[in-house]
Amino acid sequence: MDLFDLEAETKTNNNLKRIRELEKLIVKYQKSYYNGEAEIEDSEFDKLWDELKDLDPSNKILQKIGADSGNFEKAGHIMPMGSQEKAADPESFLAWALKHVYPEYLVEYKLDGASLELQYQNGLLVKAVTRGDGTIGDDITSNAKKMSGVSVKLLNDGTPVNFTGGIRGEVIMTHDVHKRLYSDKANCRNAANGLMKKKEGTGCENLCLIVYDALSTDGQSFFNDEEEKINWLKQLGFNTSPLKICKTPQDVIDYRAEVMEKRNALDYDIDGLVIKERKINLEDASRARPDHQIAFKFSLEEAVSVLREVEWSQSGSTYTPVGIFDPVQLAGTTVKRASLANPDTLRALDIKIGSHIVVVKRGEIIPKIIQVVKGEGDSFSEIQFPDTCEVCGTKLVDSGSRLYCPEKNCRKRIIHRIYKWIECVDIRDMGEALVQALFNDKKINSIKDIYLLTENDLVPYFLNNESQEKVSAGEKVSLGARKVYNSIQSHKEVSLTAFIAGFDIEGMGETMIEKLVDAGFTSVDKLLEATVQDFEKVYMFAQITAQTLFEGLQENKEEILSLINDGLVTVKEISEGKLTGMSFCFTGELKQMKRQDAEKLVKENGGSCKSSVTKDLSYLVTNDTESGSSKNVKAAKLGIRVITEEQFYSLLK
């Protein structure tokens, strides 16, 4: 069996193992949910569901709803109680909306309670049935009659309504009732679910039903569309949640942000919005998972806050706006700062001090502000942009995509470039404190000066260091100075990607330079001779990025050539290697070498390295291929080959 057969088999086995794990978890959490003691948040359950859907779309578990307890007689539903399609963020919702273009979108709260169907015969309540498995549930009629919002006889302004069919709603417990009577329960939903299924019905008088759907089964027509349906239910005296009519998908997204902000002030829990078309689509509603409506859920990774101020973080030449806002909880952490990216982002958001904002933190991404919630009567003030460099006093340039100091000799820019160079070429013994001291004493004022340092230049910075020894004639030698000097001299041969990235050109890390190399820019000369238009043809190099790279290379051209021509640095030629065209991500502890050295080995053999698992990754390298780590799981989901450290070394043989 060759390596690629082994990889395919490993991938298949990992997928099957994960599918079995997901099946067990989903069944377990469904059971606890439908019996009133949910063990995890809905958002966490949705992640498990979506992962199984990606790995095995036809899995039977995805077609099942759940199961009720065995305390009651069973009864069938009039209206199918399937699970809705879900969107966890605006991007997912917009993807759904592209396939479902409606003249208008009817939006209701997604109630966080327990589903119940009221069944009527000629206007009289005959059964109340829980969700169960979506087709059959528990008959809890006697308990339901004690609940607020349940009508035993349908009346419209005192006149009997001869309705035969089903009315569906959600049993909820208000925050006030939960706080006063059931604070020992984890949340309102768990408390409501437990009470409604008590055999004796004790406590059901503390529950409330809010309805949102109805279906006539005897041919009579009481409403013509979804809006009329809600109005008809109101006329019968039922509790309903607000109905919002939006003209566009963006209006829905904006409304979701408004509701996110005020949801904590509601009397009951909601965990998202339900979006439908105006017309009543019975065929779609009869499916196990209706497609023409969607649950646009709130996420633990999103929150609404108020912007209080904007700080401008300076990194090298660039000034980046950072929003400071009232603290919010995101994915289990307290967050009060988030990036606002650049001046164009500020203008596009139309954000001001005092604006209500949507903050997100998805996965491992740094928190950022993505939306402003428009409101009336708020007090706003304009965000003030810095106009001069705080170090050299030069007038800043606002190019839209960045606000920066254009002065090449600005000391803030120079020291940042020196730090970046040391990081990229990996001079590990040259610490930040030493660099700052050398810079302050004007011993180094450029990248070139690093390589002109002598051992004697470094000795004064180690006078208090214990690692000194006497030699003949009373001369003192610092072992610390010698170590730093030797470290500098051992890093005179540099890869092309590290060499260019080390000049601290905005947005040009080694990953971006690797894309240039892959596109044929395999030498310093080729990069210096290229035009903006040449760079624009490279993957991920749009006009602004290409222009920034071109200007950065031209600005640093003199020092680039001086380093090479004076023999201070040798740039290693890019040639075809055993790993050319392959990319690697290392995770976990390696046995034979440090991760940095393994990544260096990849680059020396023509490959590239990534810090995370992405769809264009060739291999994930780990000594625990069956781990349930996030990188292993994502690799399985994307079909990325997972190999051991030994298999990695075999690629080099």
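- T130 OG1 to D138 CG: the interatomic distance, rounded to the nearest 0.5 Å, is 4.0 Å.
- Here the closest non-hydrogen pair linking L243 and E108 is CD1-CG, 3.6 Å.
- Considering every non-hydrogen atom in both A88 and S92, the closest pair reads N-CB, 4.2 Å.
- Taking Q329 as the reference, T334 meet the side chain to side chain donor-acceptor pair (under 3.5 Å) condition, with sequence neighbours excluded.
- Side-chain contact between F223 and I280 is present, with heavy atoms from C-beta onward closer than 4.5 Å.
- Distance check, rounded to the nearest 0.5 Å: NE2 of H292 to CD of E277 gives 6.0 Å.
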Is there a salt bridge (charged side-chain N to carboxylate O under 4.0 Å, His left out) between R131 and E117 once you walk through the steps? CA-CA 8 Å; R131 186 179 191 181; E117 179 184 77; over 6 Å; no
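- Checked against salt bridge (Lys or Arg N to Asp or Glu O under 4.0 Å), D326 has the following partners two or more places apart in sequence or in another chain: R308.
- Checking N206 against Y182 by side-chain atom types alone, a donor-acceptor pair falls below 3.5 Å.
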Please evaluate residues E170 and L116 with respect to the criterion side chain to side chain contact (heavy atoms under 4.5 Å, CB included), reporting the C-alpha separation (whole Å), side-chain torsions for both, the decisive distance (0.1 Å), and the verdict. CA-CA 6 Å; E170 202 86 354; L116 186 68; over 6 Å; no
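- Annotation: side chain of V322 is not in contact with side chain of L340 (no heavy-atom distance under 4.5 Å).
- Using a 4.5 Å cut-off on side-chain heavy atoms (C-beta onward), Q84 and V274 make contact.
- The salt bridge (charged side-chain N to carboxylate O under 4.0 Å, His left out) test with D271 singles out one residue from R256, R263, K110, and that residue is K110.
- Using modelled atom types and a 3.5 Å distance limit, the side chains of Q121 and Q119 yield no donor-acceptor pair.
- If you take CD1 on I140 and SG on C204, they are separated by 6.5 Å, rounding to the nearest 0.5 Å.
- Annotation: side-chain contact (heavy atoms from CB on, under 4.5 Å) contacts of K352 (sequence neighbours excluded): D350, S355, F380, E382.
- Under 3.5 Å, the side chains of H175 and D269 contain a donor-acceptor pair of N or O atoms.
- Under 3.5 Å, the side chains of T159 and N156 contain no donor-acceptor pair of N or O atoms.
- Contacts of E21 classified as side chain to side chain donor-acceptor pair (under 3.5 Å), with partners at least two apart in sequence or in another chain: R18.
- Between Y268 and P242, the shortest heavy-atom distance links the atoms OH-CD, 4.2 Å.
- Remark: D267 engages no residue in a salt bridge (Lys or Arg N to Asp or Glu O under 4.0 Å) (not counting sequence neighbours).
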For the pair V129 and H77, evaluate side chain to side chain contact (heavy atoms under 4.5 Å, CB included) and give the outcome as yes or no after the intermediate values. CA-CA 7 Å; V129 185; H77 296 148; 3.6 Å; yes
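- Side-chain contact between P321 and I383 is absent, with no heavy atoms from C-beta onward closer than 4.5 Å.
- Every residue two or more places apart in sequence or in another chain that forms a side-chain contact (heavy atoms from CB on, under 4.5 Å) with T240 is listed here: V211, I230, L233, K234.
- Between the T141 side chain and the A128 main chain, a donor and an acceptor come within less than 3.5 Å of each other.
- In terms of heavy-atom proximity, G113 sits nearest to I172 at CA-CG2, 4.2 Å.
- To the nearest 0.5 Å, atom CG of residue L154 and atom CZ of residue F222 are 8.5 Å apart.
- For residues 139-167, there are no salt bridge (charged side-chain N to carboxylate O under 4.0 Å, His left out) pairs, not counting sequence neighbours.
- Using a 4.5 Å heavy-atom threshold, the side chains of Y619 and V642 count as separate.
- Checked against the 6.0 Å centroid criterion, the rings of F238 and W232 do not qualify as a close aromatic pair.
- Residues in residues 104-155 take part in these ring pair (Phe, Tyr, Trp, His ring centres under 6.0 Å) pairs, two or more places apart or across chains: Y102-Y105.
- A cation-pi contact, defined as under 6.0 Å to the ring centre and within 45° of the axis, is absent between K197 and F72.
- Residues I167 and D213 fail the side-chain proximity criterion, which asks for heavy atoms closer than 4.5 Å.
- Partners of R347 according to the salt bridge (Lys or Arg N to Asp or Glu O under 4.0 Å) rule, which considers only residues two or more places apart in sequence or in another chain, are D344, D398.
- Here the CG-CE distance, from L118 to M147, works out to 9.0 Å after rounding to the nearest 0.5 Å.
- Remark: side-chain polar atoms of N239 are paired, donor with acceptor, to backbone N or O of L209 under 3.5 angstrom.
- With rounding to the nearest 0.5 Å, the separation of CG in D254 from NZ in K244 is 9.5 Å.
- Ion pair K361/E301 not flagged as a salt bridge, since none of the NZ, NE, NH1 or NH2 atoms sits closer than 4.0 Å to an Asp/Glu carboxylate oxygen.
- Panel note: side chain K634, backbone V613; a donor-acceptor pair is recorded below 3.5 Å.
- Take E85 and apply the side-chain contact (heavy atoms from CB on, under 4.5 Å) test, not counting sequence neighbours, and it matches K53, R289, I294.
- Proximity of L125 to V150: side-chain heavy atoms (C-beta onward) are separated by under 4.5 Å at one or more points.
- Proximity of a side-chain donor or acceptor of H178 to a complementary backbone N or O of K185 within less than 3.5 Å is detected.
- Under the salt bridge (Lys or Arg N to Asp or Glu O under 4.0 Å) criterion, R278 pairs with E104, D225, E227, sequence neighbours left out.
- Side-chain atoms of S630 and N632 include no donor-acceptor pair closer than 3.5 Å.
- With sequence neighbours left out, the side-chain contact (heavy atoms from CB on, under 4.5 Å) criterion links C585 to L617, L620, K631.
- Considering only heavy atoms from C-beta on, I369 stays 4.5 Å or farther from V358 through its side chain.
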Verdict with reasoning, D284 to D291, per side chain to side chain contact (heavy atoms under 4.5 Å, CB included): CA-CA 7 Å; D284 184 62; D291 177 62; 3.7 Å; yes
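- Residues F298 and V259 share a closest heavy-atom pair of CZ-CG1, 3.7 Å.
- Shown here for N143 and E200, the closest heavy-atom pair between the two residues is OD1-C, 4.2 Å.
- Enclosure of atom NZ in K229 by more than 12 non-hydrogen atoms of other residues, nucleotides or ligands within 6.0 angstrom is indicated.
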